[in-house]
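Here the structure comes first, spelled out in structure tokens, and everything after it is commentary.
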Protein chains: 2
Amino acid sequence: MARKTKEDAERTYHALLDAAAELFIRQGVSRTTLSDIAHEAGLTRGAVYWHFRNKDSVIEALWARNARRLQEAFEQLETHARAADPVPAFRQAIHALIRRVVEEPELGQITRIVMHVVEFTDEQNALQRFLNDRRDILHDHMRAAFEILGQRGVLRNDLSPSLLAEGLLAYIYGLVHSDFSPGEPVIDLARNGRALIDLYLDSIFSGPGACVC
Amino acid sequence: MARKTKEDAERTYHALLDAAAELFIRQGVSRTTLSDIAHEAGLTRGAVYWHFRNKDSVIEALWARNARRLQEAFEQLETHARAADPVPAFRQAIHALIRRVVEEPELGQITRIVMHVVEFTDEQNALQRFLNDRRDILHDHMRAAFEILGQRGVLRNDLSPSLLAEGLLAYIYGLVHSDFSPGEPVIDLARNGRALIDLYLDSIFSGPGACVC
DNA sequence: TGATACATACATACATGAATGTATGTAAAG
DNA sequence: CTTTACATACATTCATGTATGTATGTATCA
């Protein structure tokens, strides 16, 4: 075919990423071939190899494009922990973070892919290292926010802030994983996410009015 | 080679499963070939195809062999929920369940495989249906236990027992997933699991002495 | 302003390796 | 003597990477 204008090329780049995301979720990463991706986008493998080096590079590009707003949400956690009234501010930030993952399709796509269809093994390849590094960055932001909360004295002090942070991250991971698992959802995070998260948050905040029980 | 006695054959069956589990964790399911499994066990693909139909059937057999004690642990939850003093009994049962997953190598293996190296997609194949069915059975036991706890009035009643059950399952899933994720562990479940789980349990039990805050 | 040269954005064709499933061989157990 | 428990050999499929073809956009220069 003929060469396209720069804007056309960028459109095919995004079309390929969209096709890849849909196929990864539908039939898995390992079962999705680069030819599948090209055909889903109405193109051929030539287009894929022009824009990406291989399948892993497609996933990395998907993260870079789709997970921006997730990174922003995690970065803002520290700001909210420094707010005048940190407990409700941080609580709000966590609720907003989960709402974003559940409601924004781009975020949902990359989250489902990373959670369900990428294999994490002991012998880590380049893609796994890439994704682990990104996850570590998010975790660092959460831990930093909890350190601030701890210094401001709003956390229970029988457990370390970093442990409380990792506990919350694990809980969020499990909830989102459950919400995104294929088949009929057992947890409707859009409806019950706030209450379930508050179960945890209520139990880690100390001080007046922190616990509802 | 020569034919073996029945006990020998059963030993190779388990040797193949052990080899498969180790390789799946080390390099992932999709990157592990049946030839890899055979060679890791000092055999050839002929042995694998004699004992199993294909790779999926190996994973199913791994679940059947390794996850027995996990199923037993979930089945006993309802018994503990019916105990004379249900709150500490159930709490103990959950702690024991997590300890089993973390400490028993067989359980840890199949858990890591199902969590990290099996792709769960929208278009479910036979293996995914098999694993989803087993997971549903475990979840049903947890929900049944929570229904009992709810009827006995020890749960907070602003949230349904089944929602509290799914929340706990998600939390456990996230904690175990974090503990088993490759690389340096961020949460040492063997050490901190009890305290982290109590964060959740304390917030769902109502009545005298249920909450520590 | 129009012709030319080069780079871009793919499509097509090819070579290769690798994993799978099956078919067959075989030696010992029962 | 038959079946078991594998090993070996074979055929096929299939995804990947690369090499090449090609038509057009775009910059350059006269």
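Naming convention: chains lettered A, B, ... in sequence-line order (proteins, then strands); numbering from 1 in each chain. These numbers were taken from a predicted model, which means no experiment stands behind them.
- Here B:H80 pairs with nothing under the ring-ring contact (aromatic ring centres under 6.0 Å, His included) rule; sequence neighbours left out.
- Rounding to whole angstrom units, CH2 of residue B:W50 and P of C:dA27 are separated by 17 Å.
- Rounded to a whole Å, the NE2 atom of A:H51 is 12 Å from the P atom of C:dT8.
- In the region residues 8-28 of chain B, proximity to DNA chain D at under 4.0 angstrom, judged on heavy atoms, holds for B:A9, B:T12.
- Other residues, nucleotides and ligands place more than 12 heavy atoms under 6.0 Å from the NE2 atom of B:H14.
- Salt bridge absent: B:E103 and B:R99 never bring a charged side-chain N and a carboxylate O closer than 4.0 Å.
- Counting to the nearest Å, the P atom of D:dA15 and the NE2 atom of A:H39 are 12 Å from each other.
- Judged as a side-chain contact (heavy atoms from CB on, under 4.5 Å), and not counting sequence neighbours, the contacts of B:E60 are B:R53, B:L127, B:F130.
- When the C1' atom of C:dA9 is taken as reference, atom CZ of A:F52 falls 13 Å away, rounded to whole Å.
- You'll find the side chain of B:T32 stays beyond 4.5 Å of the side chain of B:E40, heavy atoms only.
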Could you run down the sub-3.5 Å N/O contacts of the protein with nucleotides 14-21 of chain C?
{"from": "C:dT20", "atom 1": "OP2", "to": "B:T33", "atom 2": "OG1", "distance (Å)": "2.8"}
{"from": "C:dT20", "atom 1": "OP2", "to": "B:L34", "atom 2": "N", "distance (Å)": "3.2"}
{"from": "C:dG21", "atom 1": "OP2", "to": "B:Y49", "atom 2": "OH", "distance (Å)": "2.4"}
{"from": "C:dG21", "atom 1": "N7", "to": "B:R45", "atom 2": "NH2", "distance (Å)": "2.5"}
{"from": "C:dG21", "atom 1": "O6", "to": "B:R45", "atom 2": "NH2", "distance (Å)": "2.7"}

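- The list of side chain to side chain donor-acceptor pair (under 3.5 Å) pairs with a residue in residues 123-135 of chain B, not counting sequence neighbours, reads B:T121-B:Q128, B:Q124-B:N132.
- The existence of a salt bridge linking B:D202 and B:R91 is confirmed by a sub-4.0 Å separation between a basic side-chain nitrogen and an acidic carboxylate oxygen.
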Which atom pairs, one a donor and one an acceptor, fall under 3.5 Å between side chains of residues 158-174 of chain B and the rest of the protein, sequence neighbours left out?
{"from": "B:D158", "atom 1": "OD1", "to": "B:R156", "atom 2": "NE", "distance (Å)": "2.9"}
{"from": "B:D158", "atom 1": "OD2", "to": "B:R156", "atom 2": "NH2", "distance (Å)": "2.9"}
{"from": "B:S160", "atom 1": "OG", "to": "B:L163", "atom 2": "N", "distance (Å)": "3.1"}
{"from": "B:E166", "atom 1": "OE1", "to": "B:H139", "atom 2": "ND1", "distance (Å)": "3.1"}
{"from": "B:E166", "atom 1": "OE2", "to": "B:R143", "atom 2": "NH1", "distance (Å)": "2.5"}
{"from": "B:Y171", "atom 1": "OH", "to": "B:L196", "atom 2": "O", "distance (Å)": "2.7"}
{"from": "B:Y173", "atom 1": "OH", "to": "A:H177", "atom 2": "NE2", "distance (Å)": "3.2"}

